[in-house]
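Since this is a predicted model, take the numbers as computed values, not measurements.
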Amino acid sequence: MSETHEPGAAVFDPNAVVSLTGDAGDAAFASVFVDKFRALLPHRVRRIATTLGEGDVDEALDAVLSLRVSACLIGAGELCLLGRTLEAHLRRLDLPRARIAAVSLGSAADRADAALGDFLAA
């Protein structure tokens with residue numbers, strides 16, 4: 001799926017998952033990895049929302065880094081870019097802008113989850 005919602009970022013790039021499997025193309029590993037990402041995604045999004053709401057910059061940054069790194073690795077480009085944006089705001093201690101950026105996190109996560117589900121079903 002190459003549908004784009006965040007400027008310059010595809011919702012999901014399947015080549016990222018394929019590259020994780022190495023030359024052997026281990027489909028079982030890819031499936032487990034994608035399933036684990038999808039299972040953890042709602043918790044990661046909730047944790048970001050909660051820590052931003054509490055004004056806990058350190059915990060919010062930890063939560064954002066968890067989401068950003070895993071999203072970038074799996075090819076969830078929109079979430080990766082959003083994670084980078086949130087990280088930049090938090091590193092500048094700009095909670096108001098981080099909170100504004102986080103508004104689109106739920107819908108971006110839903111799109112990534114749907115795209116990853118489609119990838120697994122293919």
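- Taken to the nearest 0.5 Å, the CG atom of L79 stands 10.5 Å off from the CD1 atom of I74.
- Evaluation of the ring pair (Phe, Tyr, Trp, His ring centres under 6.0 Å) test over residues 30-51, restricted to residues two or more places apart or in two chains, returns F29-F33.
- For the pair R99 (side chain) and L52 (backbone), a donor-acceptor distance under 3.5 Å is present.
- Tracing side-chain contacts under 4.5 Å through hydrophobic residues (I, L, V, M, F, W, Y), one never reaches I100 starting from I48; they form parts of separate clusters.
- Evaluation of the disulfide bond (SG atoms under 2.5 Å apart) test over residues 67-122, restricted to residues two or more places apart or in two chains, returns C72-C80.
- Rounding to the nearest 0.5 Å gives a distance of 3.5 Å between OG of S70 and CZ of R44.
- Residues L93 and L65 fall within the same hydrophobic cluster, defined by Ile, Leu, Val, Met, Phe, Trp and Tyr side chains chained together at heavy-atom separations under 4.5 Å.
- Checked by atom type, the side-chain pair R97/T85 shows no donor-acceptor distance below 3.5 Å.
- Side chains of L95 and L90 form a contact here, defined as non-hydrogen atoms less than 4.5 Å apart.
- Looking at every heavy atom in both residues, S19 comes nearest to A16 through OG-O, 2.7 Å.
- To the nearest 0.5 Å, the span separating CD on E87 from CG on L82 amounts to 12.0 Å.
- By the 4.5 Å heavy-atom criterion applied to side chains, L67 and L41 are counted as neighbours.
- A ring pair (Phe, Tyr, Trp, His ring centres under 6.0 Å) check over residues 98-122, counting only residues at least two apart or in different chains, returns the pairs F12-F119.
- Listed by first and then second residue, the ring pair (Phe, Tyr, Trp, His ring centres under 6.0 Å) pairs that reach into residues 53-83 come to none, sequence neighbours excluded.
- Residue pairs that meet the ring pair (Phe, Tyr, Trp, His ring centres under 6.0 Å) test with at least one member in residues 49-94, sequence neighbours left out, do not exist here.
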Could you go through the side chain to side chain contact (heavy atoms under 4.5 Å, CB included) check for V64 and R84 one step at a time? CA-CA 8 Å; V64 165; R84 287 180 179 149; over 6 Å; no
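- How far CG of L116 is from CG of D35: 9.5 Å, rounded to the nearest 0.5 Å.
- Contacts of D56 classified as side-chain contact (heavy atoms from CB on, under 4.5 Å), with partners at least two apart in sequence or in another chain: D58, E59.
- Proximity of L120 to S31: side-chain heavy atoms (C-beta onward) are separated by under 4.5 Å at one or more points.
- Separation of atoms CG (L86) and CZ (R68) is listed at 11.0 Å; rounding is to 0.5 Å.
- The minimum heavy-atom distance between A60 and T51, with the atom names listed, is CA-OG1, 3.1 Å.
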